[in-house]
Protein chains: 2
Amino acid sequence: MDQLQKFKDYLSLKGLKNTSQRLVILETFLSSESHYSTEDLYLKLRIEHPKIGYATVHRTLKLFAECGIAAERNFGDGQTRFEPVHGEEHHDHLVCTRCGLIIEFEEPQIEKLQESVAATHQFTIENHRLELYGLCSICTAADL
Amino acid sequence: MDQLQKFKDYLSLKGLKNTSQRLVILETFLSSESHYSTEDLYLKLRIEHPKIGYATVHRTLKLFAECGIAAERNFGDGQTRFEPVHGEEHHDHLVCTRCGLIIEFEEPQIEKLQESVAATHQFTIENHRLELYGLCSICTAADL
DNA sequence: AAGATATTGAAAACAATTTTCAGAAATTAG
DNA sequence: CTAATTTCTGAAAATTGTTTTCAATATCTT
Ligand SMILES: [Mn+2]
Ligand SMILES: [Mn+2]
Ligand SMILES: [Zn+2]
Ligand SMILES: [Zn+2]
């Protein structure tokens with residue numbers, strides 16, 4: 001099932017309405033792989049849809065997160081970011097502290113070790129976050 | 001060198017002053033292993049030192065972080081927390097989403113794998129954060 | 001088409017953090 | 001020690017990201 005259908009299903013499930021703003025926001029949100037803050041997406045949308053308000057953008061992003069179309073991220077810069085969720089795949093991030101580049105990665109061995117740490121403490125993991133901060137290859141090179 | 005000396009050295013290095021508030025805040029901060037928010041520490045201090053202001057507590061915690069006596073943490077509850085840093089040891093956290101319990105752990109194998117992920121992307125790690133969120137053993141048991 | 005209900009955008013409210021500023025305290029110079 | 005200089009403090013105001021309010025509007029249901 002595609003994201004649009006998933007969204008529409010969620011709306012009707014919850015008795016919410018299918019508005020033009022929500023569809024435009026969804027389309028723009030999905031059309032990129034970025035990790036958007038509300039501000040980022042609001043500014044991008046404003047170019048073609050200057051009537052859409054900031055509050056609507058923010059409310060809609062929260063709605064996406066609620067229905068599983070978006071994941072909320074926080075990379076420590078004081079802004080919540082949202083990224084499109086496609087399949088069930090999980091990933092973590094490398095974040096360049098110089099230029100802001102975000103690289104995604106998956107490392108099943110790390111996930112496994114996390115489970116074993118949790119088991120040691122009889123802890124039930126619901127979710128986790130792993131972020132590696134530093135310099136990307138370009139910024140590392142520029143530093144020499 | 002102990003924390004107090006490290007702090008005093010930092011103050012003189014930076015031309016800052018050695019005030020009674022700073023010493024009281026440091027003492028209280030070090031006397032626990034908690035992960036304090038500014039609010040937490042402010043409330044604790046207020047019992048014995050009702051004259052100390054919130055802003056001073058916050059400024060001082062930032063100062064501790066600056067000189068390496070404290071580490072800033074963010075467990076996604078919208079409050080920055082500070083914890084005393086003792087040696088050079090690094091640790092990550094298990095955070096109970098039900099009762100707020102925080103368990104610390106170290107897992108060298110995970111750290112190693114992080115390095116290898118970084119190497120794959122020619123990325124230079126400066127620091128990282130790994131948090132496992134879920135239910136602690138007590139909250140897991142209470143859930144059955 | 002009319003009624004019921006949810007949504008929108010602008011502005012106001014919030015909450016955590018940071019800054020301002022005038023009086024107080026610490027340090028330095030004499 | 002005293003005076004001059006500089007930093008610090010506490011209260012209040014300002015900032016910033018986020019969330020809520022509310023009256024007008026759009027959507028969905030008969
Ligand atoms: Mn991502
Ligand atoms: Mn800790
Ligand atoms: Zn970079
Ligand atoms: Zn618990």
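Values reported hereafter were calculated over all heavy atoms of this structure, with side chains retained and with hydrogens, waters and symmetry mates removed. Proteins come first, then strands; the chains are lettered A, B, ... in the order of their sequence lines, and each starts at number 1.
- With hydrogens and angles left out, the side chain of A:R59 and the base of D:dT21 share a donor-acceptor pair within 3.5 Å.
- Counting heavy atoms from C-beta outward, A:L130 and B:Q114 have side chains that approach closer than 4.5 Å.
- Between the CD atom of A:E72 and the P atom of D:dG17 there is a distance of 16 Å, rounded to whole Å.
- One interatomic measurement links the two molecules: CG of A:L23 to P of D:dC28, which rounds to 10 Å at whole-angstrom precision.
- The side chain of A:Y54 approaches D:dT19 more closely than any other nucleotide in the set D:dT19, C:dT18, C:dT7.
- Rounded to whole angstrom, the span from the CZ atom of A:R46 across to the C1' atom of C:dT8 amounts to 17 Å.
- What separates CG of B:L11 from C1' of D:dT7 is a distance of 11 Å, to the nearest Å.
- Aromatic ring centres of B:Y42 and B:Y54 lie closer together than 6.0 Å.
- In this structure, A:L45 places its CG atom 13 Å from P of C:dT8, rounding to the nearest Å.
- In this structure, B:N18 and B:G78 both approach DNA chain C, and ranking their closest nucleotides by distance from the 5' end singles out B:G78.
- The environment of B:I138 atom CD1 is sparse: at most 12 non-hydrogen atoms of other residues, nucleotides or ligands sit within 6.0 angstrom.
- Ring pair A:F105/B:H121: centre-to-centre distance not below 6.0 Å.
- Side-chain nitrogen and oxygen atoms of A:T80 include at least one within less than 4.0 Å of the OP1 or OP2 phosphate oxygen of D:dT18.
- Protein atom CD of B:E39 is 12 Å distant from nucleotide atom C1' of C:dT17, rounded to whole Å.
- Protein atom CG of A:L16 is 12 Å distant from nucleotide atom C1' of D:dT27, rounded to whole Å.
- For B:Q21 and D:dG10, the shortest distance from a side-chain N or O to OP1 or OP2 is below 4.0 Å.
- At whole-Å resolution of the value, NZ in B:K17 and C1' in C:dA26 are 5 Å apart.
- Not a single donor-acceptor pair, N or O on each side, falls under 3.5 Å between the base of C:dT17 and the side chain of B:R81.
- At the phosphate of D:dC8, neither OP1 nor OP2 sits under 4.0 Å from any side-chain N or O atom of B:T19.
- Residue A:H58 places no side-chain N or O under 4.0 Å from the OP1 or OP2 atom of D:dG17.
- Where A:I52 and A:G15 meet DNA chain C, the nucleotide closest to each residue was compared, and A:G15 sits on the side nearer the 5' end.
- If you look at B:F82 and B:F29, their ring centroids are not closer than 6.0 Å.
- Side-chain nitrogen and oxygen atoms of A:K51 include none within less than 4.0 Å of the OP1 or OP2 phosphate oxygen of C:dT8.
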